[in-house]
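Note that the numbering runs from 1 along the sequence shown for the chain. For the numbers below, each heavy atom of this structure counts, side chains included, while hydrogens, waters and symmetry mates do not.
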Amino acid sequence: MERINVKDFLNKILNGAAMGIVVGLIPNAIFGEIFKALSGYHPLFAMLQQNVTMISFTVPVLVGMFTALQFKFTGIEAASLMGATLIGGGSIKLTDGQWALHGTGDLINVMLIAAISALFILWYNNRIANLGIVMLPIVGAMIPGFIGMLTLPYVGYITRGLGNLIENFTTLQPLLMTIFIAVSFALIIVTPLSSVAIAYAISLAGLASGAANVGIVATLFTLAYGSSKVNSKGTTFALFFAGPKMLMPNFLGNPIMILPIVINSFVTGIAAYFFKIQGTTASAGFGLTGLAGPINAYSFMNQSPLVNIIILVVQYLIVPLGIAIITHTIFVKMNLYKDDIFTFAGENK
């Protein structure tokens, strides 16, 4: 069996998760809101909306598949790992005797079980010759999947605990609240934590929702500008649909990225306070994905349409992009980091 160190192992898990999230969420991110708006005109668009929504449900399986590819697993090994992530993700639940899908599941638990399954498969390494087709689904899927069922409720405490902490920010003076929530969601969006789940858990709305939304946008432009220096135009363009989690491995492997993200979200949060950017619980955790943030913010504005659009352009483009350019240029010249920390693991794939 090929030896692998801890750092390389974790990078493979993170890269597999990032690719799975990107592939699973891009169709819904691009077309979800469009098909939803058009569904009232023809049943075909309603079917297409269901189509892209169903694709997003495959995220746990796709994380398992891309993780298996990272380890160069065989077909049986890959299928076993995919089964484990599907079970451990918690996206399929038995309620009142009926199996039901619940979104993409808990991505932290998905990654945890992907790691456990990969370890078990690497350990097994065809120890019992010619019995792989029997043993691997047990060792690589059933046992890790069962572990995932046990850990899922406890892993959920992380999301709920952070949600409770952020909820306390809503009791602060409005400017401080806006800044703290913007910075919090700016950092959450590049971790396995679900910004959408946290927003729903604490029912973010109004100014707090707007703050969360622009914080995510600040991270998006910080990463997109860095990506534009080292990745293809297609990869950078995909960021605006797949979201900042696409570069999650880069962020977790290079904590220095916290600096430009915090600065950008801090400034963007202040702008959101003065522009009185608001939103709903449903839009809080999405940023620019599907244009959920700007569209919902527009509905709360009471200026003329032209003024409202100008405000949105300043808030959602000029401010976050401008700060991203400034911080990136300064930090690179100060040798705090190099452009290559933004290199996407799936570039040229």
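Taking all atoms of both residues into account, the shortest heavy-atom contact from Ala199 to Ala284 is CB-CB, 3.7 Å. Of all the heavy atoms in Pro144 and Ile116, the pair that sits closest is CB-CG2, 4.2 Å. Of all heavy-atom pairs spanning Ala324 and Asn264, the tightest one is N-ND2, 3.5 Å. The shortest non-hydrogen separation linking Phe66 to Gly16 is CB-O, 3.5 Å. Residues Ser184 and Ile166 share a closest heavy-atom pair of CB-CD1, 4.0 Å. Heavy-atom minimum distance, Phe300 versus Asn296: CD1-O, 3.0 Å.
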Practice problem: Could you give me the CA-CA distance, side-chain angles and deciding distance for Leu223 and Met257, then say whether side-chain contact (heavy atoms from CB on, under 4.5 Å) is met? | Solution: CA-CA 9 Å; Leu223 298 182; Met257 285 187 183; 4.1 Å; yes
Quiz item: Would Thr219 and Ser265 count as a side-chain contact (heavy atoms from CB on, under 4.5 Å) if you check the C-alpha gap in whole Å, the side-chain angles of each, and the deciding distance to 0.1 Å?
Solution: CA-CA 7 Å; Thr219 300; Ser265 57; 5.5 Å; no
Practice problem: Begin with the C-alpha distance, continue with both residues' side-chain angles, and end with the deciding distance and a verdict on side-chain contact (heavy atoms from CB on, under 4.5 Å) for Thr85 and Ser117. | Solution: CA-CA 8 Å; Thr85 53; Ser117 177; over 6 Å; no
Exercise. Any chance you could lay out the side-chain contact (heavy atoms from CB on, under 4.5 Å) test for Met246 and Phe344, step after step, and finish with the verdict?
Key: CA-CA 8 Å; Met246 185 172 164; Phe344 178 51; 3.8 Å; yes
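In this structure, Val314 and Ile311 have side chains that are not in contact, with every pair of non-hydrogen atoms separated by 4.5 Å or more. Between Pro320 and Val214, every side-chain heavy-atom pair lies at or beyond the 4.5 Å cut-off. The closest side-chain heavy-atom distance from Met301 to Leu312 is below 4.5 Å. Side chains of Leu220 and Ile216 form no contact here, defined as non-hydrogen atoms less than 4.5 Å apart. By the 4.5 Å heavy-atom criterion applied to side chains, Ser304 and Val307 are counted as neighbours. Tyr124 places a side-chain heavy atom less than 4.5 Å from the side chain of Met135. Taking the side chain as every heavy atom from C-beta outward, Leu207 and Ile277 never approach each other to under 4.5 Å. Looking at heavy atoms from C-beta onward, Leu101 lies in side-chain contact with Ile92 at the 4.5 angstrom threshold.
In the model, Ser56 has no side-chain atom that pairs as donor or acceptor with a side-chain atom of Thr53 under 3.5 Å. Inspection of the Thr67 and Gln70 side chains reveals no N or O donor paired with an N or O acceptor under 3.5 Å. Inspection of the Asn231 and Thr236 side chains reveals no N or O donor paired with an N or O acceptor under 3.5 Å. Residues Asn11 and Asp8 have side chains that never bring a donor and an acceptor to within less than 3.5 angstrom of each other.
With sequence neighbours excluded, the residues satisfying ring pair (Phe, Tyr, Trp, His ring centres under 6.0 Å) with Tyr157 are Tyr154.
Remark: Gln98 CD is loosely packed, at most 12 non-hydrogen atoms of other residues, nucleotides or ligands lying under 6.0 Å away. Heavy atoms from other residues, nucleotides or ligands lying under 6.0 Å from CZ of Phe275 number more than 12. For CD1 of Ile133, the number of neighbouring non-hydrogen atoms (other residues, nucleotides, ligands) closer than 6.0 Å is 12 at most.
Using modelled atom types, no side-chain atom of Asn254 and backbone atom of Ile256 make a donor-acceptor pair closer than 3.5 Å. Although no hydrogens or angles enter the test, the distance criterion places no donor-acceptor pair under 3.5 Å between the side chain of Glu77 and the main chain of Leu136. Looking at Lys245, its side chain does come within 3.5 Å of a backbone N or O of Thr191 through a donor-acceptor pair. Of the possible polar contacts, one joining the Asn308 side chain to the Gln303 backbone as a donor-acceptor pair under 3.5 Å is found. Formation of a donor-acceptor pair under 3.5 Å by the Gln315 side chain with backbone atoms of Ile310 is not found in this model. The backbone N or O of Thr280 lies less than 3.5 Å from a partner atom in the side chain of Ser209, making a donor-acceptor pair. Put simply, the side chain of Asn109 never gets that close to the backbone of Gly89: no donor and acceptor are under 3.5 Å apart.
To the nearest 0.5 angstrom, Phe237 atom CZ is 12.0 Å from Ser232 atom OG. Annotation: the span from Tyr316 atom OH to Thr268 atom OG1 amounts to 10.5 Å, rounded to 0.5 Å. Taking CG from Leu107 and CG from Leu193, the interatomic distance works out to 9.0 Å, rounded to the nearest 0.5 Å. Annotation: the span from Leu247 atom CG to Leu239 atom CG amounts to 5.0 Å, rounded to 0.5 Å. Atom CG of Leu336 sits about 11.0 Å away from atom OG1 of Thr327, to the nearest 0.5 Å. Atom CD1 in Ile326 sits 11.0 Å away from atom CZ in Phe331 (nearest 0.5 Å).
Linking Ile, Leu, Val, Met, Phe, Trp and Tyr whenever their side-chain heavy atoms come within less than 4.5 Å leaves Phe35 and Met47 in two separate clusters. Under the 4.5 Å side-chain heavy-atom criterion for ILVMFWY residues, a single connected hydrophobic cluster contains both Leu317 and Phe266. Tracing side-chain contacts under 4.5 Å through hydrophobic residues (I, L, V, M, F, W, Y), one never reaches Val110 starting from Ile55; they form parts of separate clusters. No chain of hydrophobic side-chain contacts below 4.5 Å, direct or via other Ile, Leu, Val, Met, Phe, Trp or Tyr residues, connects Val59 to Leu152. Grouping the Ile, Leu, Val, Met, Phe, Trp and Tyr side chains by contacts below 4.5 angstrom, directly or via other members, places Leu94 with Met142.
Of the listed residues (Ile113, Asp106, Ile108), just one forms a side-chain contact (heavy atoms from CB on, under 4.5 Å) with Thr151, and that residue is Ile113. If you run ring pair (Phe, Tyr, Trp, His ring centres under 6.0 Å) between Phe180 and each of Phe169, Tyr273, Phe185, only Phe169 comes through.
For residues 12-26, there are no side-chain hydrogen bond (donor to acceptor under 3.5 Å, both in side chains) pairs, not counting sequence neighbours. Applying the ring pair (Phe, Tyr, Trp, His ring centres under 6.0 Å) test to pairs two or more places apart or on separate chains, those with a residue in residues 203-227 are Phe221-Phe240, Tyr225-His328.
Ring geometry for Phe71 against Phe73 counts as parallel: the plane angle stays under 30°, on a 0 to 90° scale with 60° as the upper cut.
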